[in-house]
Structure formats: structure tokens, C-alpha cells
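Side chains are part of it too, since the values below use all heavy atoms of this structure and drop only hydrogens, waters and symmetry mates.
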Amino acid sequence: QVQLVESGGGLVQPGGSLRPSCSASGLSANTYAIAWFRQAPGKEREGLACILTTDGTSYYAESKHADSVQGRLTISRDNTNNTVYLQMNDLRPEDTGVYYCAAELKLCSVKPGWYDHWGRGTQVTVSS
């Protein structure tokens, strides 16, 4: 059974950086897509980026706004410990929210409905 555990959130000042982690277990030898999502207070869950576990091909959601977080993050994976990271730089108060990772077989998507397997999330708060 696929299990995902996020960690590495926290409180950071504006302009700072964080690198949340998503530790995955129960993945078979098949290719999985692991994606990061963010849910800000009172808003819908928003897809940020996705990566394939086998070859590391990554995909980033298109920015909807010029100041969106999508231009300030990098997704990566370490297959030696089954972990996917989300490096976030130049964080702003509007980046505050719960960050979730999700996994599904074979294909990347930044749409929440694509994924059956979810972690419980890690809180990121950007505040001075």
C-alpha cells in the first residue's frame, strides 16, 4: 500500500526558503508520478509540480499570476531513499498553506483528481 509522509514545513520569514520532503513507501517497481500541491486557507487545492520516479522528468504547473509560486520552486527526487523534495525560494506571505504530496501510476498531472494516494500535508507559514 502506498503511503506518503510530508515533512519540512514550518515558519519562515518573507524572502526565505524551505524544502519540504515527501517520503514514499509501498511503491512498486512501476513508474510513479509524485506531485506537490498547496492549499491556502479558504482556497482550492492547487497543483504545483510533478516528477516521475524513474527518470526524473519533471513538470511544472503553468503560472496563473506573475507573482505565483511556480516560478520560484524546483521539484527533485532521491530514489535511494524514496523521497521527493520541493525547493521553494523567495517565499511570500501568500505562499502560506498546507503542502501535500500525492502519488499515482505512470503519468504526471497537476490536477488533484488524478491522484488516489495522498499524504496528510505539512504546514508552511510565511510571516514576519
Side-chain angles (χ1 to χ4, degrees):
Q1 183 176 354
V2 176
Q3 291 188 327
L4 304 170
V5 179
E6 301 93 337
S7 62
L11 174 64
V12 63
Q13 292 186 344
S17 298
L18 279 176
R19 193 180 73 153
S21 302
C22 173
S23 178
S25 61
L27 301 181
S28 68
N30 292 319
T31 295
Y32 279 85
I34 296 182
W36 280 99
F37 294 82
R38 174 182 70 180
Q39 190 160 19
K43 295 187 177 180
E44 294 184 351
R45 198 165 295 189
E46 173 188 20
L48 300 175
C50 178
I51 192 166
L52 296 179
T53 56
T54 48
D55 64 5
T57 300
S58 57
Y59 174 80
Y60 294 88
E62 292 182 0
S63 298
K64 295 180 180 179
H65 307 286
D67 58 351
S68 173
V69 70
Q70 279 91 340
R72 297 176 280 116
L73 57 83
T74 303
I75 192 170
S76 62
R77 95 248 191 255
D78 183 349
N79 285 349
T80 62
N81 59 13
N82 293 327
T83 301
V84 173
Y85 303 96
L86 186 69
Q87 177 69 44
M88 302 189 294
N89 300 321
D90 189 23
L91 285 164
R92 304 164 186 176
E94 54 265 37
D95 297 323
T96 293
V98 180
Y99 285 70
Y100 298 91
C101 65
E104 191 51 70
L105 280 169
K106 296 186 179 179
L107 296 178
C108 261
S109 174
V110 291
K111 295 182 179 180
W114 174 251
Y115 294 89
D116 286 334
H117 309 288
W118 290 87
R120 294 188 175 185
T122 185
Q123 176 71 42
V124 171
T125 302
V126 185
S127 175
S128 56

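- Side-chain atoms of Asn79 come within 3.5 Å of backbone N or O of Thr53 as a donor-acceptor pair.
- Note on Tyr99: it clusters hydrophobically with Val84, by side-chain heavy-atom contacts below 4.5 Å among ILVMFWY residues.
- The distance from atom CG of Asp95 to atom CG of Leu73, rounded to the nearest 0.5 Å, is 9.0 Å.
- Under a hydrophobic clustering in which Ile, Leu, Val, Met, Phe, Trp and Tyr are joined whenever their side-chain heavy atoms come within less than 4.5 Å, directly or via other members, Trp118 and Val98 fall into the same cluster.
- Side-chain contact check for Ile34 versus Cys22: some heavy-atom pair is nearer than 4.5 Å.
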Practice item. Output, in order, the C-alpha distance, side-chain angles, deciding distance and verdict of side chain to side chain contact (heavy atoms under 4.5 Å, CB included) for Ser25 and Asn82. Key: CA-CA 7 Å; Ser25 61; Asn82 293 327; over 6 Å; no
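- With sequence neighbours left out, the side-chain contact (heavy atoms from CB on, under 4.5 Å) criterion links Ser76 to Tyr85.
- Following chains of ILVMFWY side-chain contacts shorter than 4.5 Å, one cannot reach Leu86 starting from Tyr115, and the two form parts of different hydrophobic clusters.
- Taking the side chain as every heavy atom from C-beta outward, Arg38 and Val124 never approach each other to under 4.5 Å.
- Considering all non-hydrogen atoms of both residues, Leu107 and Trp114 come closest at O-NE1, 2.9 Å.
- A search for side-chain contact (heavy atoms from CB on, under 4.5 Å) contacts involving Thr74 returns Tyr60, Gln87, not counting sequence neighbours.
- Residues Val2 and Ile51 share a single hydrophobic cluster, defined by chaining ILVMFWY side chains whose heavy atoms lie under 4.5 Å apart.
- Looking at heavy atoms from C-beta onward, Val110 lies out of side-chain contact with Leu48 at the 4.5 angstrom threshold.
- Leu11 contributes atom CG, which lies 6.0 Å from atom OG of Ser127 (distance to the nearest 0.5 angstrom).
- The residue from Glu44, Glu46, Arg45 that alone fulfils the side-chain hydrogen bond (donor to acceptor under 3.5 Å, both in side chains) condition with Gln39 is Arg45.
- Looking only at distances, a side-chain donor or acceptor of Thr96 sits under 3.5 Å from a matching main-chain atom of Val126.
- Put simply, Tyr32 and Trp36 are part of the same group of oily side chains (I, L, V, M, F, W, Y) that touch within less than 4.5 Å, one to the next.
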